[in-house]
Amino acid sequence: MALTSPASSPGAAGAFRVPFRHRHLLGISQLNQYEIVELLDRAAAMIPVSRQPRKTLPTLSGKTQINLFFEPSTRTQSSFEIAGKRLGAQVTNMSVRTSSVSKGETLIDTAATLNAMQPDVIIVRHGSSGAVELLSQKVGCSVINAGDGAHEHPTQALLDALTIRQHKGDLAGLTVAICGDIANSRVARSNLLLLGAMNVRTRVVAPRTLLPRGVEALATEVFTDMREGLAGADVVMMLRLQHERASGRMIPSVREYYRFYGLDEEKLGYAKPDAIVMHPGPMNRGVEIDPAIADGPRSVITEQVEMGVAVRMAVLDLLLADREVAQ
Amino acid sequence: MTAPIVIANARVIDPATGRDAPGAVLVENGRIAGIAEGAPQGVPDGATRIDARGLVVAPGLIDMRVFTGEPGHEYRETLASAADAAAAGGVTSFVLMPDTTPVIDDGALVDFILRRAEAKASVNILPAAALTRGLRGEEITEYGLLQEAGAVALTDGRASIQSAGLLRAAFSYARNFDMPVIHQPAERSLIGDGVMNEGLLASVSGLKGIPVEAETIPLARDLQLAALTDVRYHAAQISTGAAIELMAAARRRSDRISAGVSINNLSLNENDVAPYRTFFRLSPPLRAEDDRRAVIDGLNSGAIDTIHSAHDPQDSEVKRQPFAEASDGAIGLETLLAAALRLVHSGDVPLLTILRAMTSRPAEILGLHSGRLAVGAPADLIVFDPDYPWVVTESSFRSRSRNTVFEGARMQGAVMHTYVAGRPVFSHSATREGAAP
């Protein structure tokens, strides 16, 4: 059965809220099943806000949000920016190229500098696993992980779960196949943690060279053959292949990868007839996915982007607005 | 369709089942249609009858290591000339090494080889594809596409991959498609400029030696990576007693690993190199007699699975050189069975064991239906006289190259008939008339 939290209207002052015990959102691993459901419920309630003509709520008015991206990102950074602005926060974007990080300042120096500006939340993406957690220890405000190395990308997993829920209702009992570069993917790790906590049957499908050691303990089932891995799946989640990095070592070529691990009509035919296709973006069309599928009727890829804003609004709201109440 | 054939009054040996009894074999439509004990039964009208009194009928040999010069060096050997040599030696299938120009590292080239073989070759040619692009040991090739094109195995042929990291990736990726990987363990930094077995003989001869450790260190690495990745691993060529020990230990833990030995390392030792005879310059080098004995013991104990010819045609240009400057390699398809039978006649290895290492074991490793006498299996057969005496003369070879290590050797045992899919592809009386002693 679905776990539901008390209905809450977003931003309505005085409405009952389950206290959120975390100051930061660093990973799905810190969340239990109830907290995940709470976040998804709140995100679902945020969806209509972005669909109405005046897309604003006042809950974060007067708050300062800094987006600190050490890796280039268009989608995630703008999603967090829009989410903050729709809740009324002041949002500043800092990308690595314009910051003093490129001049040799350490991560901790940067944290101390930003902390002195009294922000309320810092959204961080960094190429090194664990870097976001390290930064969170050095600041007085909330920190949201927008992706650290090959470790976690919690808001991506939440938006994926919200998208699945929109299409499939209850998560429990579904079969989700995550396909591609599992070894180097933070999206895969966060999704496996979240879906695992929600009693979803998880499968990973990849060539052995792209499967991390011990993956059997993270996923319900492991496949190296796409047809077997997709058979009967409700959701097919494709991952981006960093083919420039993998070529020659982990996979021989893009054409072979596409032939055996790219999602095309033939392979998708093994999934359930009503299976949905997801991708965290940005896509390599013709590498991990056939363009006709990416843009086809079973693709929910653009919807994932919309759910991303709702999920990030919910996370910001939960971390910041509730905090004020608690204080 | 060729007419049915009945091979009667034979000693029928099937190493896969251990059968060794008088009987007959019936061939119809390219397949084995029946195996009878004693007199043949149910012989169809019009069948060609071969009286094999005093002869052995056995599955055709499967040679896991053959080099040719096609494409690129056709003057050394073509697919057709290698196949003719194979047929004369009782080899009905061979694994073709990818060391050609260009290297067989692309599905289109595998397809080319299969088409050429289909059109020109009298025996089954099984292309092995390169494990790394250009045999350079740097980037893995497209194993899935190569398998779809018809490659039976992956190997870098003469080359040995030096990077453990790349080897791990190659093994791991090959496991996706469950393709066998054939790899020659050879540590380049220990081989250096070595040209023969390291030891007193090399020192006295003033030739640089190749230590046993150049084989055992990379073999130990390969076996650990095979265990880690669960790949089907075949050590291409083992030449030392120390390597046999490593294989025996690993075999106790896994049945997905196997090893081969060249007939040269089974038949000869470093003393044969003595007068700087470049035809005896081989890779791995001919080792000490103790190593040769240990390899024979390994064959008997099961630590070694297969015997191959390591047929490697080289022209006189690269062989008639000072020893240290000559190329490695010797031809061997036409002498494989006779040289192997020497070990039977000397009492070192039972006939069934010798034949198993050239028929059913390679078939199992490569996943072939041939290599056994079973009803329905392809009629790839040989009829041989285990005692026929002859002398090896290079002028009688069908191979385009002449670099044999057995020139002038007295052999006991010769192939009389070879059949591929029921078609006669070699007959001793028809082709070697007058050449016999």
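From B:Phe177, atom CZ reaches atom CG of A:Asp225 across 9.0 Å, with rounding to the nearest 0.5 Å. If you take CD on B:Glu139 and OG on A:Ser253, they are separated by 10.0 Å, rounding to the nearest 0.5 Å. The CZ atom of B:Arg175 lies 7.0 Å from the OG1 atom of A:Thr224; values are rounded to the nearest 0.5 Å. Summarising the geometry, atom CZ belonging to A:Arg249 is positioned 9.5 Å from atom CD belonging to B:Glu138; distances are rounded to the nearest 0.5 Å.
The contact between A:Arg259 and chain B is made entirely by side chain atoms (from C-beta outward), counting heavy-atom distances below 4.5 Å. Within the 4.5 angstrom heavy-atom criterion, no atom of B:Phe171 approaches chain A. Heavy atoms of A:Tyr261 lying under 4.5 Å from chain B belong exclusively to its side chain.
Checked by atom type and distance alone, the side chain of A:Glu256 pairs as donor or acceptor with a backbone atom of B:Leu145 at under 3.5 Å.
Under the 4.0 Å criterion applied to side-chain N and carboxylate O atoms, A:Arg255 and B:Glu142 are assigned as salt-bridge partners.
Enclosure of atom NZ in A:Lys168 by more than 12 non-hydrogen atoms of other residues, nucleotides or ligands within 6.0 angstrom is indicated. Atom CZ of A:Arg227 is surrounded by more than 12 heavy atoms from other residues, nucleotides or ligands within 6.0 Å. The local environment of CG in A:Asp274 is crowded, with over 12 non-hydrogen atoms from other residues, nucleotides or ligands closer than 6.0 Å. Within 6.0 Å of the CZ atom in B:Arg221, the count of heavy atoms belonging to other residues, nucleotides or ligands exceeds 12. The number of heavy atoms from other shown groups lying within 6.0 Å of CZ (B:Arg372) is above 12. Counting heavy atoms of neighbouring residues, nucleotides and ligands inside a 6.0 Å radius, atom CD of B:Glu118 does not exceed 12 of them.
Contact check for A:Pro252 versus B:Thr141: no side-chain heavy atoms found under the 4.5 Å cut-off.
Scanning both residues, B:Ala169 and A:Thr209, for their nearest heavy atoms gives O-CG2, 3.4 Å. Heavy atoms only, all atoms of each residue included: A:Pro207 and B:Asn176 are closest at CB-ND2, 3.2 Å.
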